[in-house]
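Proteins come first, then strands; the chains are lettered A, B, ... in the order of their sequence lines, and each starts at number 1.
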Protein chains: 2
Amino acid sequence: MWGTIYHSKGSIMENNTVSIDQVKTYLIDNGIHPSFQRLKIFQYLMQSKEHPTVDIMYQALCREIPTLSKTTIYNTLNLFQQCGIVMGLTIEDNEVRYDANIESHAHFKCTTCGKVYDIPFEYPELQEERINGHVIKERHFYMRGICKDCSNTS
Amino acid sequence: MWGTIYHSKGSIMENNTVSIDQVKTYLIDNGIHPSFQRLKIFQYLMQSKEHPTVDIMYQALCREIPTLSKTTIYNTLNLFQQCGIVMGLTIEDNEVRYDANIESHAHFKCTTCGKVYDIPFEYPELQEERINGHVIKERHFYMRGICKDCSNTS
DNA sequence: TTCTCTGCAAACGCTTTGCACGGAT
DNA sequence: ATCCGTGCAAAGCGTTTGCAGAGAA
């Protein structure tokens with residue numbers, strides 16, 4: 001077998017609502033000054049299931065924060081990535097998507113609608129820390145195909 | 001276990017030299033008109049082990065073909081991808097790399113020098129063609145870390 | 001002639017950089 | 001007063017598009 005794929009998930013990231021206070025504590029714990037924009041951006045990322053692009057986040061957040069600029073989103077996401085609390089996904093198409101779920105999981109991208117889904121997935125224990133002499137630091141597994149919604153519609 | 005990782009590889013793609021005639025036959029078999037530029041681009045891709053970006057290919061090939069333009073490389077690679085004889089890799093950094101090896105394998109990208117290595121890897125038989133209701137068409141597995149050369153140097 | 005390939009130039013879109021303003025300590 | 005976060009404007013860069021000229025059939 002090749003790692004365990006669960007058909008349901010039990011991550012804490014699954015919560016649909018995350019309070020600003022929770023986010024604030026989380027950022028502080030990770031050494032990040034909790035500005036209003038940073039709080040909102042991280043909260044959005046936690047609550048979103050769609051692995052949003054910068055543009056999606058901008059469109060959504062600028063309704064609440066009309067002065068928000070994309071530069072701030074870029075700055076903030078780069079900061080989050082450096083601190084390891086956010087992961088950038090580059091599955092294809094030169095579009096970077098972001099994920100606040102840093103637990104072990106895989107991704108599924110629908111080639112029809114473009115949505116990216118988390119797939120609960122347990123990477124197996126590394127039997128060796130090297131492969132062909134290269135030291136393995138990260139493993140990424142993703143699938144592409146047609147999602148539930150799109151295959152039902154067609 | 002999670003698929004088989006081989007520590008040596010036996011692919012036909014491993015040949016260091018591929019004759020233009022072999023490439024020509026291959027392109028024709030795949031329904032592609034074998035122009036000079038296309039032959040050279042595909043030959044380069046087969047012989048290269050580095051999963052080159054468009055820019056790398058351009059720098060290398062324009063020594064032989066001084067009039068070559070990047071547009072032609074883009075056109076050609078897009079054509080090859082549509083015909084399924086070349087694969088685009090988007091591991092990160094918004095840089096697309098190309099691979100003429102369309103056999104089952106994984107990739108390893110060095111975070112220090114940026115090189116991408118093929119890792120012989122056999123994806124297991126799909127036990128179900130769907131996961132969480134989504135129809136799986138492709139599976140991709142890549143690793144990141146520090147390659148042999150870079151870990152020896154440091 | 002007709003069709004396709006090629007390649008220059010310009011457009012495009014995402015991301016980063018430069019820099020100045022403003023709020024917080 | 002100093003520091004740091006924010007956000008506008010411009011630059012940067014990889015890729016695509018428009019189009020005209022060249023070459024093959």
Novice: Is it the case that A/H51 and A/N101 place a side-chain donor and acceptor less than 3.5 Å from each other?
Specialist: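 No, no side-chain donor-acceptor pair sits under 3.5 Å.
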Novice: Closer than 3.5 angstrom, by distance alone: can the side chain of A/Q37 be matched with the main-chain N or O of A/L68 as a donor-acceptor pair?
Specialist: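 Pair absent, no side-chain N/O of A/Q37 close to backbone of A/L68.
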Novice: What distance separates B/S19 OG from B/K24 NZ, expressed to the nearest 0.5 Å?
Specialist: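 These two atoms lie 11.0 Å from each other.
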Novice: Check whether the ring centres of A/F121 and A/F141 lie less than 6.0 Å apart, and answer yes or no.
Specialist: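 So the answer is yes for these two rings.
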Novice: Looking only at heavy atoms, what is the nearest atom pair of B/A106 and B/M143, with distance?
Specialist: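 Smallest heavy-atom distance, with atoms named: CB-CE, 4.4 Å.
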Novice: Assess whether a salt bridge exists between B/E95 and B/K109, defined as any Lys/Arg side-chain N lying under 4.0 Å from an Asp/Glu carboxylate O.
Specialist: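 Looking at B/E95 and B/K109, the cut-off is met.
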Novice: Between A/E64 and A/K40, is a salt bridge (Lys or Arg N to Asp or Glu O under 4.0 Å) present by the stated rule, with each step listed?
Specialist: CA-CA 9 Å; A/E64 264 187 278; A/K40 284 304 206 175; 2.9 Å; yes
Novice: Examine A/Y117 together with A/H107 and report whether their ring centres are nearer than 6.0 Å.
Specialist: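 No; A/H107 has its ring centre 6.0 Å or more from that of A/Y117.
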Novice: Determine the sole option in B/N78, B/T76, B/L45 for which the side-chain contact (heavy atoms from CB on, under 4.5 Å) test with B/V86 is passed.
Specialist: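 Testing each of B/N78, B/T76, B/L45 against B/V86, the sole residue satisfying side-chain contact (heavy atoms from CB on, under 4.5 Å) is B/L45.
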Novice: B/T67 near the nucleic acid: base, sugar-phosphate alone, or nothing, with a heavy-atom cut-off under 4.0 Å?
Specialist: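 Touches sugar-phosphate only.
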Novice: Over all strands shown, is B/N78 touching base, sugar-phosphate only, or nothing at heavy-atom distances under 4.0 angstrom?
Specialist: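 Sugar-phosphate, no base atom in range.
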Novice: On DNA chain D, reading 5' to 3', which nucleotide is the first and which the last to sit with an atom under 4.0 Å from a heavy atom of chain A, could you check?
Specialist: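 Going 5' to 3' along DNA chain D, contacts run D/dG5 to D/dT15.
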Novice: Scan residues 29-37 of chain A against DNA chain C and write down, sorted by residue number, each residue with any heavy atom closer than 4.0 Å; if none is found, say none.
Specialist: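 The answer is none.
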Novice: Parallel under 30°, tilted from 30 to 60°, perpendicular over 60°: which one fits the rings of A/F80 and A/F42?
Specialist: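 If you compare the ring of A/F80 with that of A/F42, the planes turn out perpendicular.
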Novice: Between A/L79 and A/Y58, which is nearer to the 5' end of DNA chain D once each is assigned its nearest nucleotide?
Specialist: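 That would be A/L79.
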Novice: Could you tell me the boundaries of the chain B footprint on DNA chain C, defined by atoms under 4.0 Å from its heavy atoms?
Specialist: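 Taking any atom under 4.0 Å from a heavy atom of chain B, the span is C/dC5 to C/dT15.
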